[in-house]
Asks: 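Structure provided below as structure tokens; questions to follow.
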Number of protein chains: 2
Amino acid sequence: MTSVVAQQIPYDSAAPYRSLSLNTATTKRWTLAEAVDGAARAGLGAIGLWRDRVDEVGATTAAKIVADAGLRVSSLCRGGFLTGREHGPAALDDNRRAIDDAATLRTRELVMVMGGIPDRDLAGARARVEERLALLVPYAAERGVRLALEPLHPMFCADRAVISTLAQALSMAEPHPSETVGVVVDTFHLWWDPTLADQIAQAGAAGRISSYQVCDWLNPMAPDPLLSRGMMGDGVIDFAAIGRWVRDAGYRGDVEVEIFNATVWSSDGHEVIETMKRRYRELVLPSLVG
Amino acid sequence: MTSVVAQQIPYDSAAPYRSLSLNTATTKRWTLAEAVDGAARAGLGAIGLWRDRVDEVGATTAAKIVADAGLRVSSLCRGGFLTGREHGPAALDDNRRAIDDAATLRTRELVMVMGGIPDRDLAGARARVEERLALLVPYAAERGVRLALEPLHPMFCADRAVISTLAQALSMAEPHPSETVGVVVDTFHLWWDPTLADQIAQAGAAGRISSYQVCDWLNPMAPDPLLSRGMMGDGVIDFAAIGRWVRDAGYRGDVEVEIFNATVWSSDGHEVIETMKRRYRELVLPSLVG
């Protein structure tokens, strides 16, 4: 059994970026080594990894690059895509490899985006998510990895994720131990939900908040909804309110910034990180430490 | 006090289109008179009107055009947009005019799209919706008009409607009589919701379902999310499931087809109505009468 780092990072206003994590999707053009170097030089405490960047060097080498730079891996993104009609042994195998990689990278949190609908049977697709999640839980538990179910914004229900609310993710997690199935709180996906405060409190009470991910909702939206995520402060999300709920729910883990945005992607990575740090300190951190 | 037609249309498989209503937004290029003529010639029972088309001739003339063709007005769209920071007497006056027009048009249902957020204070905007709705209720009640709160898809929360779920609309309706504040069930906006079946049942039990509106969710989405509504059958929505929930909730009113879609808008209106009738009979009607 691989030992995995438990992530309880005390917030410290004297070291404000210790809990801040750069998700590699934010600096999309950078290799893993470049992103790790950029994050470490900027004084961040952690990095969130996408599998494409890990696969370029392999999980063992990736783990070494991160450890040598003194960073934690806040999460690995992503497993999932398990809603197909067929049983999908290949999809399950791929998820087992993702679990192995998470363990190798010494992160407890494997973000799971469960997939959209192959037809018009939404209830059926949701039932398959529950069935196939159950198949992966023992494998993840043996490796000390938590399957972090990510509710995506309802506009992605058809093509990406039939988990659309935090409450639904919690309901799917409920049959399983909290150390093996968690949920992701991503502001872009959840900010609109009129009962979000209660849902975050429930997620905290259940000990299931795997990750707090922040980015803004741009208004108007970008033509490609996927790329409508913005830097904190560039959109309409009230990070102070959501941050209070996350803090009050007892979350003390890393705060990951994951932005898909054509303008951000075409900017210099170091400048993106500096902006991210400033906005984090101004808009996100105060409610988490207050 | 104006008498308004109560809309309880028994479904009749021998007259399948009697409960079908053409929303004027579906045949966007047609004037009110053209849309009424098209709907009547196609054997539909009703028409849903947008205010822009009503305003072109005035509500009294519009009411006469509809009545002369033997149609009902299933709903008037729309009032609302009451989330601004200022008290908004002009916005309230405009809503009172919309209520007057609904009464003149002899429809009970005035669709209310309540507006987006002027800043980052989503909770504040939602509170203003409740306050200003309460200001309109007596005026609507005196005229026999029901304010039909429409939850819009969460992707419109920032720019159009801070009411994002049916449960939230029901909660906002709850302080008011069911004959004066209702809710709209629109498949495009609500299909993704994992607890939709329960919410529709609650809406029915409360006697608050003002309108059942159908159109499909296209996948992939159109570049403009507003125009991503499709003809039933062209997308991913399971109309049989949602139709059963609406029927089991006791709804027996008109079924309105409201499609914003560039391809539909560039097609011949009569052909659009024929396709709409066919898809309605194949995909929507069976679960409503079954």
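Fair warning: this is a prediction, and the values are worked out from it, not measured in the lab. Proteins get letters first, then strands, A, B, ... in listed order; numbering begins at 1 in each.
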Asks: Do the side-chain N and O atoms of Ser19(A) and Tyr212(A) include a donor-acceptor pair separated by under 3.5 angstrom?
Replies: no

Asks: Salt bridge between Lys277(B) and Glu274(B), side-chain N to carboxylate O under 4.0 Å?
Replies: yes

Asks: Between Ile237(A) and chain B, which part of the residue has a heavy atom less than 4.5 Å away: side chain, backbone, both or neither?
Replies: backbone

Asks: Does either side chain, that of Ser178(A) or that of Arg208(A), offer a donor lying less than 3.5 Å from an acceptor on the other one?
Replies: no

Asks: Side chain, backbone, both or neither: which part of Asp224(A) has a heavy atom under 4.5 Å from chain B?
Replies: neither

Asks: With heavy-atom distances below 4.5 Å as the criterion, would you say the side chains of His176(B) and Leu133(B) are in contact?
Replies: yes

Asks: Do Ser75(B) and Glu256(B) have side-chain N/O donor and acceptor atoms under 3.5 Å apart?
Replies: yes

Asks: Does the salt bridge (Lys or Arg N to Asp or Glu O under 4.0 Å) test come out yes or no for Asp186(A) and Arg229(A), once each step is laid out?
Replies: CA-CA 11 Å; Asp186(A) 180 306; Arg229(A) 300 170 72 102; 2.7 Å; yes

Asks: Can you tell which part of Asn219(B) gets under 4.5 Å to a heavy atom of chain A, answering side chain, backbone, both or neither?
Replies: side chain

Asks: Looking at Ala158(B), Ala241(B), Pro220(B), which makes the most heavy-atom pairs under 4.5 Å with chain A?
Replies: Ala158(B)

Asks: At a 4.5 Å cut-off on heavy atoms, which part of Met221(A) comes close to chain B: side chain, backbone, both, or neither?
Replies: side chain

Asks: Checking Pro225(B) against chain A: side chain, backbone, both or neither under 4.5 Å from a heavy atom?
Replies: side chain

Asks: Taking every non-hydrogen pair under 4.5 Å, which of Cys157(B), Pro194(B), Pro223(B) racks up the most with chain A?
Replies: Pro194(B)

